[in-house]
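Source: prediction; values computed, not measured. All values below come from the heavy atoms of this structure, side chains included, with hydrogens, waters and symmetry mates left out. To find a chain, count down the sequence lines: A is the first, B the second, and so on, and within it residues start at 1.
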Amino acid sequence: MNILPQSFYERDPKVVAIDLLGKILVRTLRGIRLAGIIVETEAYYGKKDPASRARKGGKLAEIMYGEAGYTLIYGVHGNWLLNITTCPKGIPGAVLIRAIEPVEGIDLMMKLRSVKRLEHLTSGPGKLTKALGITKSENLLPVFSKKSCITIEMGKEIKPSMIGKSHRIGVREDLEEPLRFYVKGNPFVSKTSLRL
DNA sequence: CATATGATGGACT
DNA sequence: GTCCATCATATGG
């Protein structure tokens with residue numbers, strides 16, 4: 001259903017992060033479609049980014065230097081974080097999906113997370129991966145490929161006036177430029193982000 | 001093999 | 001609002 005092409009991801013992480021807002025993240029789990037609108041993202045660079053894990057080298061860095069449009073799943077604080085690699089091969093970059101607004105398969109998501117309130121279901125990077133049943137085994141899937149069980153589809157256009165930006169969350173040293181982007185007024189944007 | 005660290009979440013006051 | 005459990009990585013012995 002109108003999956004975004006690989007070329008979509010072969011751009012600057014910041015541009016991709018902004019453009020990803022309003023798109024549909026689709027996860028096929030046991031034949032069931034779980035989908036949500038992306039409402040919050042963060043851009044990460046390579047060496048020049050003090051917050052990026054690519055800076056420390058290791059396996060993560062290799063993936064960020066690799067081809068665009070692949071899932072990059074990484075564990076922190078006992079949670080899984082879903083990233084999409086950006087930039088052509090040889091240039092490091094990634095976009096972290098921080099929050100989505102659930103639209104399909106909500107009952108299954110709530111089962112996976114056992115939360116009472118809908119607005120707590122996917123309003124955070126670790127929360128949405130649990131709700132979608134995403135773990136390390138979903139690492140390195142091409143999100144531009146129809147047969148992949150994680151894809152990103154065309155959604156609704158977000159008006160530029162509806163896009164807010166801020167400093168990134170939970171990083172020690174951030175860059176000068178705000179690299180976190182979100183849909184203004186959306187209840188599924190993570191609230192923990194109020195700490196600045 | 002042991003230890004430190006964090007792109008966090010959730011429980012609790 | 002505050003506090004701490006948690007575990008995949010990275011790095012050092």
Scanning both residues in full, the closest heavy-atom pair of A:Gly126 with A:Asn79 reads CA-CB, 3.9 Å
Heavy-atom closest pair (A:Leu132 atom, A:Arg27 atom, distance to 0.1 Å) is O-NE, 2.9 Å
Interatomic distance, CZ@A:Arg98 vs CZ@A:Arg168, rounded to 0.5 Å, equals 11.0 Å
Side chains of A:Ser190 and A:Glu40: any donor to acceptor distance under 3.5 Å? yes
Do A:Thr28 and A:Arg33 pair up side chain to side chain, a donor and an acceptor below 3.5 Å, judged on atom types alone? no
Hits for side-chain hydrogen bond (donor to acceptor under 3.5 Å, both in side chains) against A:Asn139, two or more places apart or cross-chain, chain-then-number order -> none
Residues at least two apart in sequence or cross-chain that pass side-chain hydrogen bond (donor to acceptor under 3.5 Å, both in side chains) with A:Glu62, listed by chain then number, are none
Problem set entry | Any donor-acceptor N/O pair, A:Arg113 side chain to A:His120 backbone, under 3.5 Å | yes
Is there a donor-acceptor pair closer than 3.5 Å between any side-chain N or O of A:Thr122 and the backbone N or O of A:Ile100? yes
Establish whether the base of B:dA7 is bridged to the side chain of A:Asn79 by a donor-acceptor pair shorter than 3.5 Å.
-> no
Sorted by number, residues from residues 124-134 of chain A placing a heavy atom under 4.0 Å from DNA chain B are A:Gly124, A:Pro125, A:Gly126, A:Lys127
Sorted by number, residues from residues 66-78 of chain A placing a heavy atom under 4.0 Å from DNA chain B are A:Val76, A:His77
Should [X] be listed as having a side-chain N or O under 4.0 Å from OP1 or OP2 of [N]?
X: A:Lys136; N: C:dC7; answer: no
X: A:Arg113; N: B:dG10; answer: yes
X: A:Arg53; N: B:dA7; answer: yes

Can you confirm whether A:Lys23 is buried at NZ, in the sense that more than 12 heavy atoms of other residues, nucleotides or ligands lie under 6.0 Å from that atom?
yes
Annotated structure of DNA chain C as dot-bracket, pair cut-off 3.5 Å, Watson-Crick or G-U only, | for inter-strand, is |||||.||||||.
Can you check nucleotides 11-13 of chain C for protein contacts, nitrogen or oxygen pairs under 3.5 Å, and list what you find?
residue, atom, partner, partner atom, Å
C:dT11, OP1, A:Lys56, O, 2.9

